[in-house]
Amino acid sequence: GSFGSANDANTIRKIKLPMGYIPNIQFAPFYDAIEKGYFAKEGIEIEFDYSFETDGVSLVGAGELPFAVASGEQVLLARSQELPVVYAFAWYQKFPISIISEPDLNITKPADLRGQTIGLPGLFGANYIGLQALLFSAGLTPADVTLEAIGFNQVEAFATGQKKIVVGYAANEPIILNSQAHPVNELRVADYLQLTANGLVTSEMTIKDDPELVRRMSRALAHGIADTIANPDEAYTISEKYIEGLADMDKTVQMQVLTTSIEFWQAERIGFSNPQAWQNMNDLLVKMELIKEPLDVNKAFTNEFVP
Amino acid sequence: MDINPLKVFHPSSAKRNGMWLRVLSLGLGLVCWQITSIFSGVEVFILPPPLKVWSRFLVAAQDGSLFRDIGVTFSEVVLGLIVGVTFATILGYSVAKSRALEQVLSPYLVASQAIPVVAIAPLLVLWFGYGMFSKVLICALIVFFPVLINTIVGIRAVPQAFYDLMKSLRASRKQILMKVEIPAALPIFLGGLRIGATLSVIGAVVGELIGSKYGLGNLINRARVGYDMPMVYVAVFMLIFLALGLYGIVARIEKKLLRWQETFERLNV
Amino acid sequence: MDINPLKVFHPSSAKRNGMWLRVLSLGLGLVCWQITSIFSGVEVFILPPPLKVWSRFLVAAQDGSLFRDIGVTFSEVVLGLIVGVTFATILGYSVAKSRALEQVLSPYLVASQAIPVVAIAPLLVLWFGYGMFSKVLICALIVFFPVLINTIVGIRAVPQAFYDLMKSLRASRKQILMKVEIPAALPIFLGGLRIGATLSVIGAVVGELIGSKYGLGNLINRARVGYDMPMVYVAVFMLIFLALGLYGIVARIEKKLLRWQETFERLNV
Amino acid sequence: MYFAVKNMNTKPILTVKNLSVVFPDNNGGLHALDDISFEVFPRDFICFLGPSGSGKTTLLRILANLLPPTTGQLNFIHNQHPQIGMVFQQSNLMPWRTVMDNIKLPLELENMDESTARIKAQEMIELVGLNGFEDSWPRDLSGGMAQRVAIARALIHDPDLLLLDEPFGSLDAITRERMWTELSRIWQAKQKTVIMVTHSINESLFLADRVLVLTQRPGKIKFDLKVDLPRPRNDDIRYTPHFGKLARKLRETIE
Amino acid sequence: MYFAVKNMNTKPILTVKNLSVVFPDNNGGLHALDDISFEVFPRDFICFLGPSGSGKTTLLRILANLLPPTTGQLNFIHNQHPQIGMVFQQSNLMPWRTVMDNIKLPLELENMDESTARIKAQEMIELVGLNGFEDSWPRDLSGGMAQRVAIARALIHDPDLLLLDEPFGSLDAITRERMWTELSRIWQAKQKTVIMVTHSINESLFLADRVLVLTQRPGKIKFDLKVDLPRPRNDDIRYTPHFGKLARKLRETIE
Ligand SMILES: Nc1ncnc2c1ncn2[C@@H]1O[C@H](COP(=O)(O)OP(=O)(O)OP(=O)(O)O)[C@@H](O)[C@H]1O
Ligand SMILES: Nc1ncnc2c1ncn2[C@@H]1O[C@H](COP(=O)(O)OP(=O)(O)OP(=O)(O)O)[C@@H](O)[C@H]1O
Ligand SMILES: [Mg+2]
Ligand SMILES: [Mg+2]
């Protein structure tokens with residue numbers, strides 16, 4: 001299937017945007033861009049869809065939807081299965097995964113993980129990829145550690161002492177644990193390896209049929225990100241309208257989530273994809289045997305629409 | 001040998017007893033919970049004590065969003081229940097009446113149960129959208145099977161003698177259905193409905209976890225992400241009350257329609 | 001008025017018919033699927049055609065990992081079924097026998113069904129670990145309720161007359177259980193088991209989604225994340241076969257134990 | 001006092017010809033009925049006598065169209081199955097209906113309006129002596145009371161053909177004789193045709209125009225007795241010599 | 001030929017004193033039995049006669065300890081409930097057991113070994129004339145056949161006290177009389193005590209030492225008849241003047 005193309009700037013284009021996660025302060029740039037009319041100015045009306053990441057990418061690949069928000073490795077994985085998806089705008093500049101450990105263990109570099117038991121949600125997804133990247137960077141293999149699949153219960157497992165090392169998002173689990181008076185040591189994947197992370201995914205069809213739409217999306221989003229970086233407090237207040245229950249949450253914690261996220265968004269040119277990060281990701285996935293042979297990464301992303 | 005005097009049965013006193021027992025049992029449950037949350041060493045943000053959940057409930061109740069979530073989930077559950085029960089009853093009746101139909105359909109019916117919703121989520125989304133419809137569908141799907149099976153078992157247990165009686169009176173198919181099959185299969189069918197009512201709640205939550213904007217399942221997700229454990233428990237309790245409410249309705253229907261059974265009020269079981 | 005000659009029933013020919021019908025029905029299903037995947041316009045990586053799934057299966061079968069996943073899920077399902085059925089039967093029997101016990105327990109039993117596993121996953125994980133045990137527990141939990149309800153309904157449907165007979169013969173509680181209650185409640189109980197067998201498969205998948213290394217639910221996750229839709233379908237089919245297998249076993253037990261019912265083989269229904 | 005007159009130029013309302021029934025079993029089938037032929041005329045009162053297991057119930061089930069015969073034919077006049085009132089050997093009451101509701105079931109099936117149906121049912125309840133038990137559940141009835149409910153249910157819709165399978169089996173002598181008298185009265189007043197299975201020679205002679213005796217399994221018609229006792233018959237008739245003679249005849253064929 | 005001798009210095013094995021039963025209903029309770037008192041001596045054969053609904057079944061249920069009386073007492077000798085064989089008014093066969101398995105149920109409950117039990121059951125099957133139906137399901141039996149299975153089941157474990165609720169109700173004359181003779185034989189040979197409910201005056205006089213007649217609801221004992229007919233009784237006894245006199249007496253009290 002295909003979606004309608006050719007709009008003039010006057011008609012409002014409704015776009016359903018799969019976010020890959022539930023409403024969260026990390027989506028502040030999107031809320032900011034809507035609230036300030038950046039999308040409206042581009043003739044776009046966003047309808048958020050908070051479903052699974054892979055479903056969004058599948059639907060984009062199938063031409064059912066024009067865009068989705070997803071991580072870079074998803075694009076490579078999907079392309080290896082012949083889904084014609086393309087990464088058009090880099091929102092996260094750095095891979096946002098951390099290894100969180102008890103300070104007593106004194107884990108300060110990836111090599112310290114040797115022989116340890118590590119809890120992570122499952123042997124798939126960003127957590128798994130981030131951990132592997134870190135292990136490889138220190139010349140370790142998965143055989144050098146014990147991996148335990150614990151579901152998305154890293155905070156609980158760590159807080160109760162069941163797991164002394166867990167993998168999680170840099171802007172989430174460490175902050176929550178600190179707020180619950182659990183000091184942690186953190187190893188950020190981004191400090192050891194450049195990997196492509198979350199951004200705006202579109203398809204070859206959309207790029208061919210309506211490149212202008214991609215450009216407009218990118219522009220609006222870039223504005224939202226820039227404003228959020230510049231004024232997190234304002235973005236936070238705006239987000240309260242979009243995130244059910246944010247007002248009830250601990251504001252210092254949530255604000256910290258936002259400011260930590262912003263560290264991952266900082267860029268000289270917002271939206272620009274680092275080709276080396278793509279190459280690294282490609283190599284990693286091959287090494288992990290998640291894709292059989294290296295892909296042509298240049299087809300997987302484009303910086304053509306980055307404002 | 002002395003034998004105890006027969007105790008004449010007093011329905012009202014039994015009812016009163018039942019109420020007391022239930023209240024006592026709930027109270028005991030709360031006490032256990034409070035004790036566990038104090039002494040188990042589990043942190044408060046993982047297993048919050050009842051009072052904390054209660055005060056979280058009061059806060060959530062005031063801003064009204066809780067009731068919207070309840071409303072959404074309730075509609076999904078009830079609609080799903082209605083759709084699922086309707087189809088299951090019709091199909092169950094047909095299958096109970098025809099061995100051939102059973103042979104043809106049973107693999108599909110069993111299969112429909114074993115397919116994990118997450119696996120076909122993209123298809124569901126593609127075909128039915130992210131709105132209420134897909135959740136109703138999931139509820140209906142999960143309600144379907146128990147009601148189906150119990151309809152089949154119920155209809156097959158109808159004594160042949162009643163069919164004979166109705167046939168001798170030249171009753172129509174519809175009359176046989178209304179006057180024999182439905183009342184005779186009712187106890188077993190209502191058992192299926194009890195199961196279905198509670199499963200429907202599970203269905204709605206699962207559906208909401210796949211993707212939704214509102215509803216108690218969605219609320220759980222939201223609260224977990226914010227590590228707002230008391231709120232998770234509030235949502236869980238709302239779900240429990242929803243299930244208890246539905247179950248209570250079925251139990252009430254049962255009590256009314258199955259007065260003729262009253263196994264308990266018989267003198268010696 | 002002429003009346004048709006009575007047709008003497010041939011069990012073997014009916015069985016042969018059943019086989020044919022089933023094969024035919026499955027074949028038809030495959031054809032429908034192939035046609036849908038060609039003409040519906042849904043892309044191959046969302047709804048792959050049967051042949052593609054088959055070849056993916058052959059590949060996965062060769063490297064052996066598929067069978068490990070099947071083995072893990074199978075063990076969880078079967079263990080969960082055993083545990084759930086055991087507890088449900090014991091508790092169902094007790095509840096069927098005592099109105100007071102029902103009053104006290106029913107809120108908890110219904111509640112146990114309405115609690116979404118995802119919501120209490122951290123607690124489950126905390127208390128029961130990440131291994132097979134927590135999955136078995138989830139299976140058992142989901143199997144529990146239908147079997148419980150059908151045990152209650154079944155036991156309550158036992159005719160008073162048989163209790164009278166057994167008491168007049170001074171039968172022990174155990175003898176009443178073995179010689180009256182079990183056989184009389186069997187048709188309804190086995191209905192519950194049918195439902196439980198298919199639900200147990202759902203339970204295992206849900207449990208594996210909470211966190212696991214192996215199993216078909218985990219395989220679905222892995223394959224989905226790798227956009228390997230044919231593999232997702234292979235896993236789904238394995239789950240279906242698992243459910244069909246368990247269901248088939250229950251149906252077989254039913255056929256053997258309920259020969260005396262044989263509603264179908266009666267002359268006129 | 002008058003004699004039941006067989007009107008020889010009326011046509012039989014039912015002709016049964018060479019009827020046999022074989023039930024499937026593990027060795028060659030169980031012969032329940034063998035080559036049964038008889039005719040039933042309007043207003044006949046026929047009793048079947050026969051040992052336990054001789055196929056009496058099976059025969060009634062065939063007449064009620066509940067069971068197809070293995071071979072043979074069954075022809076109703078105008079090829080139309082008449083309206084039937086049937087009393088089964090087991091009282092066959094629906095446990096979810098009260099006495100009142102069980103009795104008015106046939107009227108419900110005819111879509112009679114509720115209030116008329118209740119009035120009629122109340123009459124039947126009085127006829128069978130169950131006043132005060134209108135709202136009782138079947139489980140709270142005694143065996144004889146349940147049987148009386150079944151009798152009331154078979155009579156209430158004024159059927160053309162009554163098929164009665166040992167309807168008075170578990171009634172005490174008094175109630176039974178009251179029911180005999182009632183049945184005779186109804187039969188005479190309402191011009192019914194009655195086919196009844198019984199074990200009691202007295203009962204058959206007291207009620208029937210004609211008694212057919214079946215043999216031990218497989219059931220064949222062994223004896224066809226015309227009962228030419230005057231009607232209405234009352235208790236005294238049992239002590240007449242003619243009654244005694246007929247009774248002895250039946251007793252002899254049965255033994 | 002001898003007379004049943006009541007040994008007046010044996011103690012009663014069962015004393016029933018001022019027994020009443022009230023079933024709960026919507027208006028003040030249903031009085032089923034009222035102030036029943038009687039004694040049963042070892043080897044007694046007692047028949048209860050009474051109209052439908054007079055509480056006969058209720059009385060048997062109390063004697064079998066299936067129902068507690070509302071008021072009154074029930075004392076067995078040595079305060080010990082004897083072993084019972086009971087025939088219920090409905091045949092009460094388990095549909096999931098074949099004829100053979102239904103009959104040997106009481107032996108199974110006594111943990112008798114399977115092969116001995118089967119041999120005994122086979123004897124009982126022959127006694128009640130059901131050879132060839134060992135493996136039939138109850139649903140395939142005729143009414144009388146089911147009743148015979150129930151009789152066989154009540155007798156098989158050689159109980160001390162037989163409680164029979166219209167056991168021969170749906171048997172034909174021949175089978176019924178054969179069963180009477182068998183029951184008398186067993187009663188005499190095995191020194192049993194029998195309490196039986198029946199509707200048939202003939203049956204009660206043919207079998208019993210003593211006939212107790214109950215009144216219309218609430219059931220009270222209206223008449224206590226000692227049956228001093230010589231034993232063994234055979235068919236001819238029915239035509240003796242004494243039999244006729246006793247029968248007339250019963251008939252009068254009942255009416
Ligand atoms: N559905 C059935 N399947 C197999 N055999 C049957 C079935 N119904 C009846 N029979 C057999 O057919 C024979 C005749 O049964 P039927 O019930 O007609 O006897 P009956 O004359 O009514 O006896 P009774 O006086 O004891 O009621 C019996 O041997 C019985 O076992
Ligand atoms: N469980 C019960 N609950 C309420 N009433 C009952 C119950 N059982 C019997 N009765 C009533 O008690 C009375 C006596 O019943 P019972 O069965 O003892 O009569 P019976 O003498 O055996 O009659 P029959 O000869 O018709 O079998 C009847 O009026 C009946 O309705
Ligand atoms: Mg019969
Ligand atoms: Mg009785």
Side-chain angles (χ1 to χ4, degrees), chain A residues 1-2 52-64 70-71 73-85 117 119-129 142 146-163 166 203 205 285 288-292, chain C residues 37 39-48 52 56 59 63 65 68-69 72 116-135 138 205-233 235:
Chain A
S2 165
F52 293 139
E53 196 175 35
T54 46
D55 292 346
V57 173
S58 294
L59 290 173
V60 170
E64 299 287 336
S71 186
E73 80 274 4
Q74 299 294 322
V75 174
L76 292 179
L77 291 169
R79 286 190 70 87
S80 78
Q81 298 291 334
E82 283 151 20
L83 274 76
V85 289
T117 299
L120 76 174
L123 305 186
F124 55 84
N127 287 291
Y128 186 48
I129 287 170
T146 309
L147 300 183
E148 287 258 25
I150 60 172
F152 289 93
N153 305 305
Q154 300 103 307
V155 168
E156 289 87 350
F158 191 88
T160 56
Q162 292 223 338
K163 289 285 165 292
V166 295
S203 64
M205 295 81 81
L285 294 180
M288 288 174 70
E289 293 174 4
L290 289 174
I291 54 182
K292 281 187 214 91
Chain C
S37 73
F39 292 104
S40 70
V42 176
E43 302 268 335
V44 167
F45 44 78
I46 290 183
L47 181 64
K52 210 157 179 172
R56 188 69 189 83
V59 172
D63 76 3
S65 71
R68 186 204 49 205
D69 287 322
V72 168
V117 175
V118 283
I120 53 161
L123 283 181
L124 281 180
V125 163
L126 214 61
W127 287 333
F128 308 109
Y130 311 96
M132 191 177 258
F133 187 74
S134 59
K135 277 109 216 164
I138 293 168
V205 173
V206 168
E208 286 172 5
L209 295 179
I210 292 178
S212 62
K213 265 187 183 162
Y214 309 118
L216 291 169
N218 187 279
L219 177 61
I220 287 175
N221 251 352
R222 275 181 275 143
R224 282 193 74 202
V225 172
Y227 296 92
D228 187 354
M229 262 297 155
M231 191 62 187
V232 171
Y233 275 79

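A note on names: the letters A, B, ... follow the listed sequences, proteins ahead of strands, and every chain is numbered from 1.
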So which part of Ile150(A) gets closer than 4.5 Å to some heavy atom of chain C, the side chain, the backbone, both or neither? both
Of the backbone (N, CA, C, O) and the side chain (C-beta and beyond), which part of Tyr128(A) lies under 4.5 Å from a heavy atom of chain C, both, or neither? neither
Report yes or no: do Gln74(A) and Tyr227(C) form a side-chain donor-acceptor pair below 3.5 Å? yes
Say you draw a straight line from CG of Leu290(A) to CG of Asp228(C); how long is it, rounded to the nearest 0.5 Å? 11.0 Å
